[in-house]
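All remarks here apply to the structure that follows.
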Amino acid sequence: MPELPEVEYTARQLRSSVVGATIREARVFWERTIGRPQLPDFLAEITEQRIEGIRRRGKFLLLDLSRDLFLSIHRRMTGNFLLLPPGWEIDIRLSETDPVAWKTKGPNFHPPVSAGASYNLETGHCRVCFVLADGRYLLFTDPRKFGRIELWPRTQEDVIFADLGPEPLSHTFTVERFTEALVRHRTGIKQALLDQQVVAGIGNIYADEALYYACIHPAHRADSLTSSEIHLLHEGIVAVLTLGIEHGGTSFNDYRDLWGQAGQNYNHVRVYHQEGKPCKRCNTLIERMVIAQRSTHFCPHCQAAPAIVE
DNA sequence: ATTTAGACCTGTCAGC
DNA sequence: TGCTGACAGGTCTAAA
């Protein structure tokens, strides 16, 4: 669910709120969320760890901890972080329907980042609760249980991310490198963009948006794009991801920020989930097709099908 | 060697 | 009201 902009936005919020805090303990309500190490070791090693820094790599959120460890979190489809201020009662109860339903109650709280916004009191699915030494709770909520949290020694970082492509918003994402990656792809360009080895952090929403930006049909073969098409697509990737971050991410369903608020980028999306609506450029109706088992949205006029699709 | 179903999971919504 | 099927920001694995 969260793609690069959503993870980046959460990382920035965490950076301004939990760096320097100490994790007193972790409570795990769905064991499979912890990918590594084994649960007893995870619980033992996480205790009294200081959060020294927050980083992001592709769609991975990284929490640098003391004692040369770091947490690697992948939220997959529905994972979210929610930070509860001190003084709140957290009621993680065992119900018949869902053993990890939680509810919160507390004073009206105004988060420090978006001034004026009030806290969102939705009930979620808490899979892991990090109890901070200052009394706050950092919750990992994840209805579909696909998200994974792993604890690694920092020395392993290069190994873990060896296969990840360049960061699209850094100088490592050059047109040259992008071109080389695409030439090796004999699939459609949409599929290539979803391949994290080509570029790190793009998912279904921003792949569609970037292709629309560059007026390229999603089924166009990746290895047959012209140089000017690749330049425009490169520009489009940077543009749509940057805008996504500025708008606090895209929430059409589950994504929420650290304070439980929805991202505003859904109001700025051009094609994603817009089938049947007129294209902002030419008024042609946006269409939907399935590519690589993923919903794909495009303007049939602006993004004309290439002469050779297969 | 690729491509594609299936798995992992729960929730929501449209249609009957 | 209740059931059924389609679908949802992702990625891995096994079968074709």
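So that the names make sense, note that chain A is the first sequence line, chain B the second, and so on, each numbered from 1.
Taking 4.0 angstrom as the limit, A/Arg148 places none of its side-chain polar atoms (N or O) nearer than this to OP1 or OP2 of C/dT11. Side-chain N/O atoms of A/His125 include one lying less than 4.0 angstrom from OP1 or OP2 on B/dG11. Between A/Thr187 and B/dT2, a side-chain N or O to OP1/OP2 separation shorter than 4.0 Å is absent.
Nucleotides C/dA6 and B/dG6 are separated by 13 Å at their P atoms, to the nearest Å. Spacing between B/dA1 and C/dA15 at atom C1', rounded to whole Å, works out to 14 Å. Comparing C/dT11 with B/dG11, their P atoms are spaced 22 Å from each other, to the whole Å. Rounded to whole Å, the P atom of C/dC3 lies 24 Å from the corresponding atom of B/dC9.
A/Asn204 comes within 4.0 angstrom of the backbone, heavy atoms only, and of no base. Contact annotation for A/Phe252: base contact, defined as any heavy-atom pair under 4.0 Å involving a base atom.
Scanning for side-chain contact (heavy atoms from CB on, under 4.5 Å) contacts around A/Pro37 gives A/Asp41, A/Phe42, A/Glu45, A/Leu151, with sequence neighbours left out.
Between A/Gln191 and A/Arg144, it is A/Gln191 whose nearest contact on DNA chain B lies nearer the 5' terminus. Toward the 5' end of DNA chain B, the nearer of the two residues A/Asn253 and A/Arg186, judged by each one's closest nucleotide, is A/Arg186.
Between A/His125 and A/Phe29, the ring centre distance reaches or exceeds 6.0 Å. For A/Phe140 and A/Phe81, the ring centers sit closer than 6.0 Å to each other.
Judged as a side chain to side chain donor-acceptor pair (under 3.5 Å), the pairs with a partner in residues 271-280 of chain A (not counting sequence neighbours) are, in order, A/Gln274-A/Lys277.
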### Task
Any chance you could lay out the side chain to side chain donor-acceptor pair (under 3.5 Å) test for A/Glu3 and A/Tyr255, step after step, and finish with the verdict?
CA-CA 10 Å; A/Glu3 305 179 31; A/Tyr255 165 73; over 6 Å; no
### Task
Apply the test salt bridge (Lys or Arg N to Asp or Glu O under 4.0 Å) to residues A/Glu180 and A/Arg184: give CA-CA distance (whole Å), side-chain angles for both, the deciding distance (0.1 Å), then the verdict.
CA-CA 7 Å; A/Glu180 285 167 27; A/Arg184 287 186 279 103; over 6 Å; no
### Task
Would you sort out whether A/Arg57 and A/Glu167 count as a salt bridge (Lys or Arg N to Asp or Glu O under 4.0 Å), showing the intermediate values?
CA-CA 7 Å; A/Arg57 181 75 174 91; A/Glu167 280 298 321; 2.9 Å; yes
### Message
Quick one, A/Tyr266 with A/His247, criterion ring pair (Phe, Tyr, Trp, His ring centres under 6.0 Å). Give me CA distance, side-chain angles, the key distance, then yes/no.
### Response
CA-CA 9 Å; A/Tyr266 193 49; A/His247 293 137; over 10 Å; no
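Ring planes of A/Phe60 and A/His74: perpendicular class, angle over 60° (limits at 30 and 60°).
A/Asp254 has its CG atom 9 Å from the C1' atom of B/dT10, to the nearest Å. As rounded to whole Å, 14 Å separates atom C1' of C/dA8 from atom CG of A/Leu194. Separating the CD atom of A/Glu3 from the C1' atom of C/dA8 is a distance of 12 Å, rounded to the nearest angstrom. Nucleotide C/dG10 holds its P atom 14 Å from the CG atom of A/Asn80, rounded to whole Å. Atom C1' of nucleotide C/dG10 and atom CZ of A/Phe60 are separated by 10 Å, given to the nearest angstrom. In this entry the distance linking CG of A/Asp163 with P of C/dT11 reads 13 Å, nearest Å. Between A/Lys145 atom NZ and B/dG11 atom C1' there is a gap of 12 Å when expressed in whole angstrom units. Across the protein-nucleic acid pair, A/Phe140 atom CZ and B/dC9 atom P stand 14 Å apart, rounded to whole Å.
Of all nucleotides listed (C/dA8, B/dT10, C/dG10), C/dA8 comes nearest to the side chain of A/Tyr272. Of the candidates C/dA8, B/dT10, C/dG10, C/dA8 carries the atom nearest the A/His273 side chain, counting heavy atoms from C-beta on.
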## Note on the structure
Note, DNA chain B 5' to 3' with Watson-Crick or G-U pairs under 3.5 Å encoded as ( ), [ ], | and . gives .|||||||.|||||||
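Side-chain N or O atoms of A/His231 include one that pairs as donor or acceptor with a backbone N or O of A/Ser227 at under 3.5 Å.
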Listing time: all N or O pairs from protein to nucleotides 5-7 of chain B that are below 3.5 Å?
from	atom 1	to	atom 2	distance (Å)
B/dA5	N7	A/Gln293	NE2	2.9

For nucleotides 12-16 of chain C, tabulate all protein N/O to nucleotide N/O atom pairs closer than 3.5 Å, reporting atom names and distance.
none

Anything under 3.5 Å between a donor and an acceptor, one on a side chain of residues 187-195 of chain A, the other on a protein residue two or more places apart or in another chain? List them.
from	atom 1	to	atom 2	distance (Å)
A/Thr187	OG1	A/His185	ND1	3.2
A/Lys190	NZ	A/Asn204	OD1	2.7
A/Lys190	NZ	A/Asp208	OD1	2.7
A/Lys190	NZ	A/Ser295	O	3.2
A/Lys190	NZ	A/Thr296	OG1	2.9
A/Asp195	OD1	A/Gln197	N	2.8
A/Asp195	OD2	A/His185	NE2	2.9

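A/Leu62 and A/Ile46 end up in different hydrophobic clusters when Ile, Leu, Val, Met, Phe, Trp and Tyr side chains are linked at under 4.5 Å.
Atom CD1 in A/Ile237 sits 10.5 Å away from atom CG in A/Leu232 (nearest 0.5 Å).
Residue side chain A/Phe146 fails the stacking definition with respect to B/dC9, as its ring centre and the base's six-membered ring centre are not both under 5.5 angstrom apart and under 30 degrees in plane angle.
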